[in-house]
Amino acid sequence: MKTKLIASMMLGLAAISMLLFSNGIVSYAQSNSSEVTLGNNTTISSSNSTQVNNSTSQSDNPTVQSIDEAIKALNAGDKDTAKKLLLKAEESLEGKSSLEDAEKRVEAALAALKDGDINSAISHAEEAKKNLL
Amino acid sequence: MRNNKPIAYSLAGILVIIGIVYCLVANSEYEDSKEMAVMGIAGEASEKQFETSFFISAGVVNFILAGLVLKSKRSIIPYLASAGISAGLIVVYIASRTIGVPVVGVEYYVGRLDLISKVLQAIAIVLSGISIYNLRKPTALKEVA
């Protein structure tokens, strides 16, 4: 009887810990996503597209420009253009080991876009841009 | 001896659903690999092909495990295999989102299908554990007697 109780408790704990661990990763991803999205929205609401345009002009890097354009397209709801621009950025980052993190962020943005998760796509694109600046 | 059939059927059903989810993910990765190949992004295309093969294999393994669970009567091996493989896949997934895995590296996006499969795998581990417990209990009693 005692063994039965212990076994049930262990199984329950294993299940709960598994679920909590999965949820932990999601909440981490979501909190990351909301933080960056909030930042992005604030930028847009406070000064419309002025700051975005400034950041574009600050960098002559064509990859950063592609990502910037992709973010604008995502904000405008133009998924096809955003996808093309992100693929273009991905192409330019291909094989550059020093920019691997930015490449992975662009891939994540593409995956999120495919899933229909626009906020997450924007946040990953912003992260990719940060890694390139 | 306890009737383990309801748990075995539930576990088999969950394993089949996990297999289907993996096939859906594999199909998505395959589409991506084709798109990347057309764009001339060779490195990413081969990475996607590797992922496609991995997800198809994982799906097939889950279908086989479902069959073994349904077929087995008193053996705990299919349940041990189900729990072990599900736990292994969860560990690989967590590693892919944190420290990175060979070939693929670190992936940052947590997709909906990923979440569904991980929750189902956690349930599969719990059900496998209950089945193993149910099947081992009479043996233990006989040994004592």
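Here is how names work: the chains are called A, B, and so on, in the same order as the sequence lines, proteins then strands, and each is numbered from 1.
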Enquirer: Relative to chain B, which segment of A:Glu107 carries a heavy atom at a distance below 4.5 Å: side chain, backbone, both, or neither?
Expert: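 Just the side chain, heavy atoms under 4.5 Å.
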
Enquirer: Any luck finding a side-chain donor-acceptor pair between B:Ser128 and B:Ser82 under 3.5 Å?
Expert: no

Enquirer: Which region of A:Glu103, side chain (C-beta onward) or backbone (N, CA, C, O), has a non-hydrogen atom less than 4.5 Å from a non-hydrogen atom of chain B, or is it both or neither?
Expert: side chain

Enquirer: If the threshold is 4.0 Å, N to carboxylate O, is there a salt bridge linking B:Asp114 and B:Arg97?
Expert: yes

Enquirer: Who wins among A:Glu90, A:Lys114, A:Lys88 for the most heavy-atom pairs under 4.5 Å with chain B?
Expert: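 When all of A:Glu90, A:Lys114, A:Lys88 are compared, A:Lys114 has the most.
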
Enquirer: Could you tell me whether B:Glu31 and B:Lys34 have a side-chain N and a carboxylate O separated by less than 4.0 Å?
Expert: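 Salt bridge: no.
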
Enquirer: Using a strict threshold of under 4.0 Å (side-chain N to carboxylate O), is an ion pair present between A:Lys83 and B:Glu35?
Expert: yes

Enquirer: Name the member of B:Met36, B:Glu107, B:Arg112, B:Gln121 that forms the most heavy-atom pairs with chain A at distances under 4.5 Å.
Expert: B:Arg112

